[in-house]
Amino acid sequence: MNDAWQQLYRLWESGTPGALATVVSAYGSAPRQPGAIMVCTPQGKVTGSVSGGCVEGAVYDKAQEALRYGTAALERYGVGDDDAGAVGLTCGGTIEVLVERVDRSSFPELEDLLTHRRAGTAVALATLLDDASAPGSGRHLVCWADGTSGSTGSSALDEEIAREAKRLLAQGRSGVIRPTTAATDGPKNGTAGSPRVFVNCLTPPPRMLIYGANDFAAALARQGALLGYRVTVCDARPVFTTPERFPDADDVVVAWPHHHLAAEAAAGRIDARTAVVSLTHDPKFDHPLLKTALRLDLAYTGAMGSRRTAARRVAGLRAAGLPEEQLTRLSSPAGLDLTGTSPAETALSITAEILHLRNGGSRMRLRDIHGPIHRKATPPQQPLLEVSAP
């Protein structure tokens, strides 16, 4: 669980107020995207981040005001040619940040939110963003697959927000929505009576399953953990497969690789974000594992080895009956051409390929290309989802 959320819950559980700053919209070359949080304690401790550091000081001041006076603020930070000396994002982007005081009375639903986070189930936090004079402003609604807690003060609004929040959860993205229901039960007031609501979707981390207990696996586990993956290292040989050898892995499992992967798939613990990497160097482990992996809907399936090994591997899988459409999903040899050979360099090469397949990009040096640095594929626009620009 994110350290900032842990810090906030520790404060809440002890009865101490905390300040929660959340990026609710971002535009341009903003360093952090909607859903990024920063938590401040009354003693001045800060956990998390809402930017690359350029507006943290201003957000910290607002957080201290929220702690002192119990107020909430929705602040916009950006920088243009004519205000480059002001507080803002030197990267040229714009972000909108909600800063609010959190304690047991203002946010009783936090325990439900964190219970689902700890259990590894997807949960969304919906917060009304309108000004303090608006009905229900600042109230929270926590939504998960089969339930909700909290309320905006309007049962009709709660139902619409929950429906939209669950849709966003299924897509794994956060954003601002504008429901058609007004903030209070009663006559509709059109757009003017419809509140802006930020839905922060907190999904379990994607998984990286590394098969083969060796030094390359230890380096790849470290890289995967840095990128936010929940990392599992699995090997059938117990003498090599110990937690001490893989301190960065969340799970270290002794099992035949293909049996483990099949069991994880059957239990519903992998999804289309999952990366599977074979580092076994042994066909008796490698081939059954890849036959299982390539039949699943995964983000990445890779196998380390020389070109000769890769050619024999593909020939063996083809002879085993795997169709060409499945074989094209195999990255073998795994990684991008960075010419590194050490375990750390190889791990960087493999994770670079995973990021490239996930995010796109030209794989060129940034200095040699033009246009925005932060480019992200835009999901299809949904009727109630606002654009991310404030």
Side-chain angles (χ1 to χ4, degrees), residues 120 204-267 269-271 273-296 298-317 320 322 329-336 338-355:
R207 297 192 65 191
M208 179 179 288
L209 306 179
I210 303 169
Y211 293 99
N214 52 41
D215 289 347
F216 291 92
L220 185 56
R222 189 172 306 116
Q223 287 281 348
L226 284 172
L227 291 174
Y229 283 87
R230 180 176 181 87
V231 178
T232 297
V233 174
C234 175
D235 196 301
R237 304 167 299 171
V239 68
F240 298 111
T241 316
T242 63
E244 294 76 18
R245 295 191 70 209
F246 305 100
D248 298 292
D250 298 282
D251 306 290
V252 178
V253 179
V254 178
W256 276 73
H258 67 291
H259 290 162
H260 176 264
L261 179 58
E264 292 298 292
R269 288 192 287 266
I270 63 174
D271 56 29
R273 303 174 300 159
T274 301
V276 168
V277 185
S278 176
L279 307 176
T280 64
H281 293 291
D282 190 333
K284 72 173 178 289
F285 297 125
D286 199 30
H287 287 198
L289 169 65
L290 295 175
K291 282 172 58 179
T292 303
L294 291 172
R295 290 177 173 135
L296 299 172
L298 304 174
Y300 180 84
T301 302
M304 191 172 71
S306 66
R307 295 206 177 274
R308 180 179 297 178
T309 298
R312 286 199 300 263
R313 178 184 291 133
V314 170
L317 293 170
L322 266 71
R329 298 205 297 265
L330 176 61
S331 293
S332 176
L336 296 186
L338 304 182
T339 71
T341 58
S342 71
E345 291 169 334
T346 302
L348 179 60
S349 168
I350 293 172
T351 52
E353 183 182 27
I354 292 172
L355 288 179

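Throughout, residue positions are numbered sequentially from 1 according to the sequence presented. In this text, all values refer to a predicted model and were calculated from it rather than measured experimentally.
Using a 4.5 Å heavy-atom threshold, the side chains of Asp235 and Val233 count as separate. Residues Leu290 and Thr301 meet the side-chain proximity criterion, which asks for heavy atoms closer than 4.5 Å. Asp286 places none of its side-chain heavy atoms less than 4.5 Å from the side chain of His281. Contact annotation: the side chain of Leu355 approaches that of Leu227 to within less than 4.5 Å [non-hydrogen atoms, C-beta and beyond]. Contact annotation: the side chain of Leu330 approaches that of Arg313 to within less than 4.5 Å [non-hydrogen atoms, C-beta and beyond]. Within the 4.5 Å cutoff, the side chain of Val231 has no heavy atoms near those of the Asp248 side chain. Side-chain contact check for Val277 versus Met304: every heavy-atom pair is 4.5 Å or farther apart. Within the 4.5 Å cutoff, no side-chain heavy atoms of Asp250 are placed close to those of Arg207.
Aromatic ring orientation, Tyr211 versus His260: perpendicular (interplanar angle above 60°, classes split at 30° and 60°). Using bins of under 30°, 30° to 60° and over 60° for the plane-to-plane angle, the ring pair His258/Trp256 lands in the perpendicular bin.
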Pairs under 3.5 angstrom only: tabulate donor-acceptor contacts from the side chains of residues 341-350 to other protein residues two or more places apart or in another chain.
| residue | atom | partner | partner atom | Å |
| --- | --- | --- | --- | --- |
| Ser342 | OG | Glu345 | N | 3.1 |
| Ser342 | OG | Glu345 | OE1 | 3.3 |
| Glu345 | OE1 | Thr341 | N | 2.9 |
| Glu345 | OE1 | Ser342 | N | 3.1 |
| Thr346 | OG1 | Ser342 | O | 2.9 |
| Ser349 | OG | Leu336 | N | 2.9 |
| Ser349 | OG | Leu336 | O | 2.6 |

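Considering every non-hydrogen atom in both Leu298 and Asp271, the closest pair reads CD2-O, 4.1 Å. Contact detail for Ala221 and Ile210: the closest heavy-atom pair is N-CD1, 3.6 Å. Scanning all heavy atoms of the two residues, the minimum distance from Lys291 to Ala320 falls at CD-CB, 4.0 Å. Closest approach of Tyr300 and Glu353 over heavy atoms only: OH-OE1, 2.6 Å.
Ion pairing of Arg230 with Asp251 is present here, as a side-chain N (NZ or NE/NH1/NH2) and a carboxylate O approach within less than 4.0 Å.
Every residue two or more places apart in sequence or in another chain was checked for a ring-ring contact (aromatic ring centres under 6.0 Å, His included) with Tyr229, and none qualifies.
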